[in-house]
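Read the structure below first, then the notes.
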Amino acid sequence: MNWVAIDIGYSEVKASVLDKKNTPVRLNYSMGGYYTTRLSSDVVIMASGEIVVGDDAMLLGVMNPSLLVSDWQHHSRKEDICKAFLSFVYNAAKKHYDDNAIGVVVLYERVKDERLIKTCEQIFAETKPMELSMVFAKAMPSIKSGVTVIADFGAQNFKVSMIEDGTQKSFTCNPDLGFRNIDLELLIDSVQWDTLTDVESSLCGILIQRAKVALNSGEPVVLPYATKIKDCTINSEYEKCMTTFLYQCFEECSNSLRACSKAWGDVTNVLFVGGGANSSIINNVFERYMQGQGCALKSYNTIDTLFDPPYAATHMALQLPLRRKTDVIIKY
């Protein structure tokens with residue numbers, strides 16, 4: 001059986017598949033004229049009741065913001081919304097493998113989402129729920145001994161998992177340090193928000209999010225209007241802002257270690273995952289932070305240059321033992 005691994009995040013649905021060399025890669029989606037590996041978590045419910053997800057939902061939401069579902073995880077039609085997302089992923093995986101029999105590894109944090117799992121079972125040939133942080137512990141031999149800190153720079157929350165000898169010892173979640181909370185308005189927004197229409201506000205919101213992604217990757221940012229600071233200094237100003245944010249996140253990791261009577265000197269591995277971990281400066285900032293802690297510890301991200309922080313969990317999940325063939329008879 002062919003497999004896809006899914007991690008439904010606040011800003012996007014991340015999914016991985018295996019290529020012809022059995023190497024995990026990002027799942028590619030056809031968007032009617034273009035392809036992308038990033039499936040937006042936006043949801044729109046039309047007046048007819050039709051549910052639209054992904055980039056199409058994002059565009060429809062720009063034109064009519066009132067249609068956007070702000071928190072679909074707690075919406076009365078959650079099962080239908082899950083089905084729309086999962087069907088989107090299933091169809092893309094079916095096209096990738098040229099096969100209808102697709103199994104799914106659905107990742108969760110701490111508590112299984114039974115409604116999501118039930119919907120997976122309706123769409124996919126086989127469903128395997130796995131706790132996100134433990135996927136790393138099972139898939140990476142280096143984590144099976146010693147102390148590992150997994151810092152997840154998610155859009156909505158900053159999460160810290162501490163794993164010792166392959167067993168999770170602690171988990172913390174701080175919504176105040178979500179990557180989306182980094183305020184770029186002082187850097188790139190010269191627009192008076194109270195004078196904008198709903199459509200203009202939505203367009204500016206998308207613009208700021210895309211600018212944040214570009215800035216985080218160290219790429220040039222092009223804006224269609226004059227900014228409060230010159231374009232050439234936006235990246236350097238963002239680095240200052242990001243450095244402050246990263247130090248706050250690393251302090252959160254320090255707090256988690258202290259709560260378990262540990263220090264950075266006890267840590268064997270550090271993994272940076274999530275969208276915010278794509279930062280072009282994160283490893284250098286961490287090394288400076290470690291110097292202040294009297295340690296020479298470096299993140300795993302600097303060791304494995306192919307490590308894909310946003311998709312690390314879904315990539316790792318596909319490297320675990322999964323039943324590959326539907327005609328295998330397992331006797332107990």
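In this text the structure is predicted, and so the values were computed from the model without any measurement.
Between the side chain of Thr36 and the backbone N or O of Tyr29, no donor-acceptor pair lies under 3.5 Å. Side-chain N or O atoms of Asp55 include none that pairs as donor or acceptor with a backbone N or O of Met31 at under 3.5 Å. For Asn301 (side chain) and Phe307 (main-chain N/O), no donor-acceptor pair under 3.5 Å exists by modelled atom type. For Asp165 (side chain) and Ser145 (main-chain N/O), no donor-acceptor pair under 3.5 Å exists by modelled atom type. Asn157 places no side-chain N or O within donor-acceptor distance of the main-chain N or O of Lys159, the cut-off being under 3.5 Å. A donor-acceptor pair under 3.5 Å is formed between the side chain of Ser41 and the backbone N or O of Gly9.
Heavy-atom minimum distance, Thr314 versus Ser16: OG1-OG, 2.6 Å. Smallest separation of non-hydrogen atoms from Val104 and Cys120: CG1-CB, 4.1 Å. In terms of heavy-atom proximity, Ala137 sits nearest to Ile143 at CA-CG2, 3.7 Å.
Between Phe124 and Tyr90, the ring planes lie perpendicular to each other; the angle is over 60°, past the 30° to 60° tilted range. Using cut-offs of 30° and 60° for the angle between ring planes, the Phe250 and Tyr289 rings count as tilted. Between Phe272 and Phe153, the ring-plane angle classifies as perpendicular under the 30° and 60° cut-offs. Under the 30°/60° scheme for interplanar angles, the aromatic rings of Phe179 and Phe245 are found to be tilted. Under the 30°/60° scheme for interplanar angles, the aromatic rings of Tyr311 and His315 are found to be tilted.
Atom OG of Ser161 and atom CD of Glu109 lie 7.5 Å apart (nearest 0.5 Å). The CD1 atom of Ile163 lies 5.5 Å from the CE atom of Met134; values are rounded to the nearest 0.5 Å. Put simply, CD on Glu12 and CG on Asp42 are 11.0 Å apart, with the number rounded to the nearest 0.5 Å. One distance of note links OG1 of Thr148 with CD of Glu164; it measures 9.5 Å at 0.5 Å rounding.
Linking Ile, Leu, Val, Met, Phe, Trp and Tyr whenever their side-chain heavy atoms come within less than 4.5 Å puts Leu322 and Val89 in one cluster. Under the 4.5 Å side-chain contact rule for hydrophobic residues, Tyr10 and Trp72 do not share a cluster.
Only one option out of Leu18, Asn22, Thr23 pairs with Leu318 in a side-chain contact (heavy atoms from CB on, under 4.5 Å); it is Leu18.
Under 3.5 Å, the side chains of Ser299 and Asn283 contain a donor-acceptor pair of N or O atoms.
No more than 12 heavy-atom neighbours from other residues, nucleotides or ligands sit within 6.0 angstrom of CG on Asp98. By the 6.0 Å contact criterion, NZ on Lys78 is enclosed, its count of non-hydrogen atoms from other residues, nucleotides or ligands being greater than 12.
Between Lys14 and Asp308 there is no salt bridge, since none of the side-chain N atoms of the basic residue sits less than 4.0 Å from a carboxylate O of the acidic one.
When side chains are defined from C-beta on, Gln73 counts as touching Asp113, because their heavy atoms get closer than 4.5 Å.
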